[in-house]
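Given the structure is predicted, the values throughout are model-derived calculations rather than measurements. When a ligand or atom number is given, it counts from 1 through the structure's own listing order.
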Amino acid sequence: MTAAPATLRRPLIAGNWKMNGLKADGLALARDIATRLEGMASRRFDMLVCPPFTLLDAVCAAVDGAPLLLGAQDCHADAKGAHTGDVAAPMLAELGCSHVIVGHSERRTNHGESDATVRAKAAAAQGAGMTAVICIGETEGQRDAGETAAVVRRQLAGSLPAGSSATNTVIAYEPVWAIGTGRTPTPEEAQAIHALIRAELSKPLGAAGSAATRILYGGSMNPKNAAVLLALPDVDGGLIGGASLKAADFLAIGECCR
Ligand code: PGA
């Protein structure tokens, strides 16, 4: 499939703070990012931060008016009910979230989340009017066994809700072995998997829907490797963990978008 014109997909630079940030540090980081963003004369990307649940309300207030999107790192599949400790998608929408990460490999591994669980959570996020950032990616063992394409196909098919579209869905390809390790796929490997994901997306979304859907790369993206990864025709931004906790590095990644 030929790559869609770049204008069709404005890059999304998304920060996944994971379980980091007490109030003072988290708010300072959010304000620093917002100030730097506002200081940019022009920019060719959208920027999203996904702090822990505890900071969402305060971060939203702290960056009010800035062109910075707010997202959560997870949600429950149900809109309300007896689910001690969980957070429902409408609660996140009410706080000002436009995006919710679902199916991150740390949740798939640490909380036993299946593709069906991820699909239900993504549907809940979409149903609450937000965009689901659906994470998929193979483990090192699966990569070594030559199963990357099969795993990515299976996770994508199993995790994408009916009713998904280019506006309510972002896919994040995050090879598990690249997360927090300093390792990344080669540009050729990354482009091949992203192209595969786009080809697979055309089944449920159609060619136009697939061509308009953003597919992010995640896993040890940093200011040094971002330019090469973000220049790949089917890489439409990044889901960034460690490097999103330093405003200068996070913005430097954004500036790699051409
Ligand atoms: P990393 O994390 O950038 O620290 O590798 C990415 C992620 O897990 O989303």
Charged N to carboxylate O below 4.0 Å: is that the case for R44 and E255?
-> no
So, is A243 polar-close to ligand 1, with some N/O to N/O distance under 3.5 Å?
-> no
Purely on distance, is any nitrogen or oxygen of G242 under 3.5 Å from one on ligand 1?
-> yes
Contact (N/O only, under 3.5 Å) between K18 and ligand 1 = yes
Ligand 1 to N16, heavy atom cutoff 4.0 Å, flagged ligand atoms 9 (O)
If you count the atoms of ligand 1 from 1 in the order shown, which ones are under 4.0 Å from a heavy atom of G219?
-> 5 (O)
Hey, does T181 come in under 3.5 Å of ligand 1, counting only N/O atoms on both sides?
-> no
Does the pair R214/D236 count as a salt bridge with the N-to-O cut at 4.0 Å?
-> no
Ligand 1 to E174, heavy atom cutoff 4.0 Å, flagged ligand atoms 6 (C), 7 (C), 8 (O), 9 (O)
Give a yes/no verdict on whether any heavy atom in S220 is under 4.0 Å from an atom of ligand 1.
-> yes
For ligand 1, which atoms, with element, lie under 4.0 Å from some heavy atom of H104?
-> 7 (C), 8 (O), 9 (O)
Taking only Lys NZ, Arg NE, NH1 and NH2, and the carboxylate oxygens of Asp or Glu, determine whether R143 and E189 approach each other closer than 4.0 Å.
-> yes
Side-chain donor-acceptor pair present, Q142, T139, cut-off under 3.5 Å | yes
Can you tell me if NZ on K246 sees more than 12 non-hydrogen neighbours from other groups inside 6.0 Å?
-> no
Tell me which part of I179 gets within contact of ligand 1: side chain, backbone, both or neither, using heavy atoms under 4.0 Å.
-> both
For the pair E147 and R153, find out whether any cationic side-chain nitrogen is under 4.0 Å from an anionic carboxylate oxygen.
-> no
Electrostatic pair D115-R119, nearest N-O below 4.0 angstrom | no
Give the residue and atom name of whichever protein heavy atom lies nearest to atom 6 (C) of ligand 1, and the separation in Å to one decimal.
-> G241 N, 3.5 Å
Over 60° means perpendicular and under 30° means parallel, so classify the ring planes of H194 and Y217, tilted if in between.
-> tilted
